[in-house]
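First comes the structure, then the notes that go with it.
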Number of protein chains: 2
Amino acid sequence: MLSLHQLTCFLAAYEHRSLTRAAEELGYAQPSVSEQIRNLEKSLGVPLFRRVGRGVVPTTAADTFRPHAEKVLAAADDAQRAVTSIKSFETGTIRFGMFGVARLYGGAGLVADVLERYPGVRVELVGRHSRDVQEDLRRGRLEAAMIAVAGLASEGMAVTPIARDELVYISADPERLKAPVTAKRLADATLVMPESTYRDVDSARIVLRRMLHEAGLNPKTRIEVEDVETAVELVGRGLADSVTQKGVAVQLLPRLAPKAGWVPLRPRVYDTLAIVHRAGATLSPAARLMIELATQRIQAIIPPA
Amino acid sequence: MLSLHQLTCFLAAYEHRSLTRAAEELGYAQPSVSEQIRNLEKSLGVPLFRRVGRGVVPTTAADTFRPHAEKVLAAADDAQRAVTSIKSFETGTIRFGMFGVARLYGGAGLVADVLERYPGVRVELVGRHSRDVQEDLRRGRLEAAMIAVAGLASEGMAVTPIARDELVYISADPERLKAPVTAKRLADATLVMPESTYRDVDSARIVLRRMLHEAGLNPKTRIEVEDVETAVELVGRGLADSVTQKGVAVQLLPRLAPKAGWVPLRPRVYDTLAIVHRAGATLSPAARLMIELATQRIQAIIPPA
DNA sequence: CATATGCATAGGCATCACCTATGGATCAGA
DNA sequence: TCTGATCCATAGGTGATGCCTATGCATATG
């Protein structure tokens, strides 16, 4: 079986035309190098050196073999360097899970942060929705993620809360923003809600359902849309009201629904943003980097949990 | 320490996304592959797979590492193939020692034989004179050679006689070719001899000196030249006579000295052509090939020893 | 001819690669 | 929800391998 070590010994011996000299260079005893060369010759089936009393002389087979051996070692070096540069974020890909509305909390800025600090890296922010991200985490396709969690209990996962994002009521009707919105008023409102595909598993929905359920009420949503922007725009046109994360309201209302405003719920309810990864896993430097940066950004917008 | 074996295991595991499957493909037990991967990760300092309950999932580091690993193994394959093709004479260099006048015995045809049978090989016929060739053999720069030897004794060398090349007297004067030339007549003749640089070690000279010495005579050479062709031309012009190998006479006289002819010496003396290599050495296939072909060619011209 | 140099061999020790057996975690199906 | 199957990790044992020191043999050098 060919080995890199044999190639190293071969090249040293070839260059020095001496096993003893090669052994010195490599820091081994002479018989060790001798053995490596012998094994290499055996596995190749061709003598590489003629033992001529004092010193060794490469055969033409060795002449032919040498550039190939050098290429192999160079490739091996390359491979190691590639990984080393990953460790120091000089290159490689950083894949991090984030829920869909993460971009509203500065997802683009987060990516920019990473790219600026580490010009060589690729960044992937994956996961349209917390639900998908959780699935990816469970399957091991993702190492870590920042997602919204309704409850803190998640099977086999380590969940580290980062921030509490309050859910607020948004409306284009100033009348409805004069006082905090109770469960009863919420149940009576005409609501547009995003994440229609994930209506059953969306953490904001779960929190709201829980709130209404405690008041003995059933939620009924008038309009279901897929993305938050659309929901906010509909609110801006006065076609419906909605409930969304305060961070989202702050980010989107001025742009998409200038006439609309927001008011807290009563009682106040919160969505929890958390770092999630498999319980017991040792996080890679890349993951830790993303967690640190993402946490900073989030907490700059909404208060820590 | 990085090893090719680790890379093989890594690639198998990467492709199958399973250590068990990789082990099956490679014909090992599962823990063996597991250990190789673990060692590879340790030596790289980066985890390559996330162990996720059932199965393993490559990290982005593994994604980056994979093409490099493939390149290393491909280069290693190349290296081995290169040597294999040397063994079967598909490529590589065949270096063989031959004395200077070998070309007169079909040296060019010998090279042509090799090139025709093995289109990929390079051929080197080295050694201007037997003396140089012997030195190269002694130093290990040559594996084997066909040379002219005066005596059969050569320190530490295995000498296999191939052919006996008779030394003959050549002259442009028909009178001097009527009868075999004795030592006495030889001592009286005006002679031109080649190989002036090697006059002391040239085997033909040695044989002649021996012959004259036994007759109580001293050799005196009128003209010294370096190459055989010049000597033969001078004979052709009648300026001197010479002694040369019968094979040379047959090859060169018609071309360079049409009016000259040759006659045996009395007693007859012979130069010996022999295969020479270091005693106890195992000859490579390339060397054996050259020996076989060279022997055929020589024996087609002059009788076997 | 004596000495120095360089490779091969022998013998011993530590490490490594591989094996089997087993335990823990997860996934699929009853 | 429980059970069996699957898959990885760990443990412990065995043989091979790598490396060492000591030594012998051949060759080059003064």
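Lettering of chains follows the sequences in order, A, B, ..., and the numbering in each one begins at 1. Keep in mind the model is a prediction, meaning the values are calculated, not measured.
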Could you work out, with side-chain contact (heavy atoms from CB on, under 4.5 Å) as the rule, every residue matching A/A74, not counting sequence neighbours?
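None.
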Gap between atoms [atom1] and [atom2], on [X] and [N] respectively (whole Å):
X     : N      : atom1 : atom2 : result
B/L40 : C/dC16 : CG    : C1'   : 16 Å
A/K42 : D/dA16 : NZ    : P     : 12 Å
B/R38 : C/dC16 : CZ    : C1'   : 13 Å
A/E41 : C/dC7  : CD    : P     : 13 Å

Identify, with sequence neighbours excluded, every residue that meets salt bridge (Lys or Arg N to Asp or Glu O under 4.0 Å) alongside A/E35.
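A/E35 satisfies salt bridge (Lys or Arg N to Asp or Glu O under 4.0 Å) with no residue once adjacent residues are dropped.
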What's the closest nucleotide to the B/R51 side chain, out of C/dC18, D/dC8, D/dC19?
D/dC8
Please pick, from C/dC7, D/dA9, D/dC19, the nucleotide with the shortest atom-to-atom distance to any side-chain atom of A/S18.
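Of C/dC7, D/dA9, D/dC19, C/dC7 is nearest to the side chain of A/S18.
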Heavy atoms, side chains only, cut-off 4.5 Å: are B/L44 and A/Q80 in contact?
yes
Can you spot which of B/L110, B/T295, B/T160 makes a side chain to side chain contact (heavy atoms under 4.5 Å, CB included) with B/M146?
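Among B/L110, B/T295, B/T160, the one that satisfies the side chain to side chain contact (heavy atoms under 4.5 Å, CB included) with B/M146 is B/T295.
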Rounded distance (nearest 0.5 Å) linking atom CD1 of A/I147 with atom OG1 of A/T272
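Rounded to the nearest 0.5 Å, the CD1-OG1 separation comes to 11.0 Å.
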Estimated bend of the helix from C/dC1-D/dG30 to C/dA30-D/dT1 (axis per five terminal pairs, rounded to 10 degrees):
30°
Answer yes when B/R50 and B/E41 have at least one side-chain N-carboxylate O distance shorter than 4.0 Å, and no when they do not.
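No, no charged N to carboxylate O under 4.0 Å.
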Atom pairs, protein N/O to nucleotides 20-24 of chain D N/O, distance under 3.5 Å:
from   : atom 1 : to    : atom 2 : distance (Å)
D/dC20 : OP2    : A/A29 : N      : 2.6
D/dC20 : OP2    : A/S32 : OG     : 2.7

Would you list the atom pairs, donor with acceptor, under 3.5 Å between side chains in residues 7-20 of chain A and any protein atom, with sequence neighbours excluded?
from  : atom 1 : to    : atom 2 : distance (Å)
A/T8  : OG1    : A/L4  : O      : 2.9
A/Y14 : OH     : A/D63 : OD1    : 2.6
A/H16 : ND1    : A/A12 : O      : 3.0
A/H16 : ND1    : A/E25 : OE1    : 3.3
A/H16 : NE2    : A/E25 : OE1    : 3.3
A/R17 : NH1    : A/Y14 : O      : 2.6
A/S18 : OG     : A/T20 : N      : 3.3
A/S18 : OG     : A/R21 : N      : 2.9

Which residues share a ring pair (Phe, Tyr, Trp, His ring centres under 6.0 Å) with B/H5, sequence neighbours left out:
B/Y28
